[in-house]
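Reading through the structure tokens given below for one structure.
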Amino acid sequence: MTAVLTVRDLSVRIAGLHILQGVSFDVAPTGVTVLLGRNGVGKTTTLRAILGLTPRGGEVRGEIRMAEQRLTERPTHRLVRDGLGYVPEDRCVFAGLTVAENLRLAERRGVKPAYDRVYELFPELLRRGRQRAGSLSGGQQQMLAIGRVLLSDNRLLLIDEPTKGLAPKVVTEVAEVLERVAVTVPVLLVEQNLAVVRRLASDAVVLAAGRVAWSGDAARLLGEPELTRSLLGVGSHTREVSA
């Protein structure tokens, strides 16, 4: 199958640090491709480079393509308009605005927002429409962050650590939603919870020291404890929360 996203020889320097050093991988046109690695190896930097969000003064080299489009030649707002959705690690909700106002800000010009889809997946957002986002729990803020990108149809979703810091029950709820979402739109996911990875991912890419250390079938990676331990520093059953 033709990849929905191809990354070739991606190199990123930020403040003199060579964060990514020739990263290459493909994202399948269906399902979830998970980006794994120990802390600080460049997973978030990879997502931000794809979306053109590297800090001012940072240097990005290499080729990033979605279908026939070269993403490195297009500004971030155009990439989002063309169907590249992004859920950042820190959620980035507007704390002083209500849930409904946060969602309205995510509407794309000329596109009918899919509120029915969002409220079906996250009925809590409908019930809390008038509540300020800053007063939501971490799990509710994560639902809002995901809901914003689902207001519009996307060709690919980039989702950065959606279960980080969440209670086990909420981890399960978020995993269930992502499982449903991935049926209709491919996802490039950064995730540390291996139970979530096992449930969602079909393909895995492991980064180490700014390079791709391993790529292949996610089930195979998690099915080999020694391989998982050598690449991630944990066993395949470590740091898991029920998903």
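Put simply, the side chain of Ser24 gets close to the backbone of Asp9: a donor and an acceptor are under 3.5 Å apart. Checking side-chain atoms of Asn193 against main-chain N and O of Val196 turns up a donor-acceptor pair under 3.5 Å. Side chain of Asn102 to backbone of Leu144: no donor-acceptor contact under 3.5 angstrom is found. The main-chain N or O of Gln21 is found under 3.5 Å from a side-chain atom of Arg211 such that the two form a donor-acceptor pair.
Counting heavy atoms from C-beta on, the side chains of Pro162 and Leu189 come closer than 4.5 Å. A heavy-atom distance below 4.5 Å is found between the side chains of Leu207 and Val212. Annotation: side chain of Glu101 is not in contact with side chain of Leu105 (no heavy-atom distance under 4.5 Å). Between Arg108 and Val80, some side-chain heavy-atom pair lies under the 4.5 Å cut-off. Leu126 places none of its side-chain heavy atoms less than 4.5 Å from the side chain of Val99. Using a 4.5 Å heavy-atom cutoff, the side chains of Arg104 and Leu97 are not in contact. A heavy-atom distance below 4.5 Å is found between the side chains of Leu121 and Arg117. Residues Leu231 and Glu224 are not in side-chain contact: their nearest non-hydrogen atoms beyond the backbone lie 4.5 Å or more apart.
Not counting sequence neighbours, the partners of Leu156 by the side chain to side chain contact (heavy atoms under 4.5 Å, CB included) test are Val4, Leu5, Val27, Met66, Leu84, Leu158, Pro186.
The distance from the CD atom of Glu191 to the CG atom of Leu178 is 8.5 Å, given to the nearest 0.5 Å. Atom-to-atom distance recorded for Asp160:CG and Arg48:CZ is 9.0 Å, nearest 0.5 angstrom. Atoms CG and CZ, from Leu10 and Arg61 in turn, are 12.0 Å apart once rounded to the nearest 0.5 Å. Distance CG/Leu20 to CZ/Arg13: 11.0 Å, rounded to 0.5 Å. To the nearest 0.5 angstrom, Thr76 atom OG1 is 4.5 Å from Leu53 atom CG. Atom CG of Leu221 sits about 10.5 Å away from atom OG of Ser215, to the nearest 0.5 Å.
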Report task. Kindly determine whether Arg155 and Gln69 satisfy side chain to side chain contact (heavy atoms under 4.5 Å, CB included), including the steps that lead there. Result -> CA-CA 12 Å; Arg155 298 162 65 187; Gln69 293 182 338; 3.6 Å; yes
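Sorted by first and then second residue, the salt bridge (Lys or Arg N to Asp or Glu O under 4.0 Å) pairs with a member in residues 122-133 read Glu124-Arg127, Glu124-Arg128; sequence neighbours excluded. Pairs of residues two or more places apart, or lying in two chains, that qualify as ring-ring contact (aromatic ring centres under 6.0 Å, His included) and include a residue from residues 116-137 are Tyr115-Tyr119. Residue pairs meeting the salt bridge (Lys or Arg N to Asp or Glu O under 4.0 Å) criterion with at least one member in residues 80-89, sequence neighbours excluded: Arg74-Asp82, Glu89-Lys164. For residues 17-27, every residue pair satisfying the salt bridge (Lys or Arg N to Asp or Glu O under 4.0 Å) rule, not counting sequence neighbours, is listed here: Arg8-Asp26. For residues 67-95, no pair satisfies ring-ring contact (aromatic ring centres under 6.0 Å, His included), with sequence neighbours left out.
Hydrophobic clustering (ILVMFWY, side-chain heavy atoms < 4.5 Å, transitive): Ile146 and Val118 are in one cluster. Linking Ile, Leu, Val, Met, Phe, Trp and Tyr whenever their side-chain heavy atoms come within less than 4.5 Å leaves Val87 and Leu35 in two separate clusters. A continuous path of hydrophobic side-chain contacts links Val205 to Val41 [ILVMFWY only; heavy atoms under 4.5 Å]. The cluster map of Ile, Leu, Val, Met, Phe, Trp and Tyr, joined by side-chain heavy atoms under 4.5 Å apart, puts Val7 and Leu71 in the same cluster. Under the 4.5 Å side-chain contact rule for hydrophobic residues, Val197 and Leu227 share a cluster.
Between Gln141 and Leu136 the shortest heavy-atom distance is NE2-O, 3.5 Å. Between His18 and Ser11, the shortest heavy-atom distance links the atoms NE2-OG, 2.8 Å. Residues Ala106 and Leu151 come closest through the heavy atom pair CB-CD1, 4.1 Å. Nearest heavy-atom pair across Leu150 and Ala114 is O-CB, 4.0 Å. Between Ala182 and Val32, the shortest heavy-atom distance links the atoms CB-CG2, 3.6 Å. Closest approach of Ala28 and Asp203 over heavy atoms only: CB-OD2, 3.7 Å.
Glu226 and Arg229 are joined by a salt bridge, as a carboxylate oxygen and a charged side-chain nitrogen come within less than 4.0 angstrom of each other. Checked for salt-bridge contact, Glu176 and Arg180 miss the test: no charged N lies under 4.0 Å from a carboxylate O.
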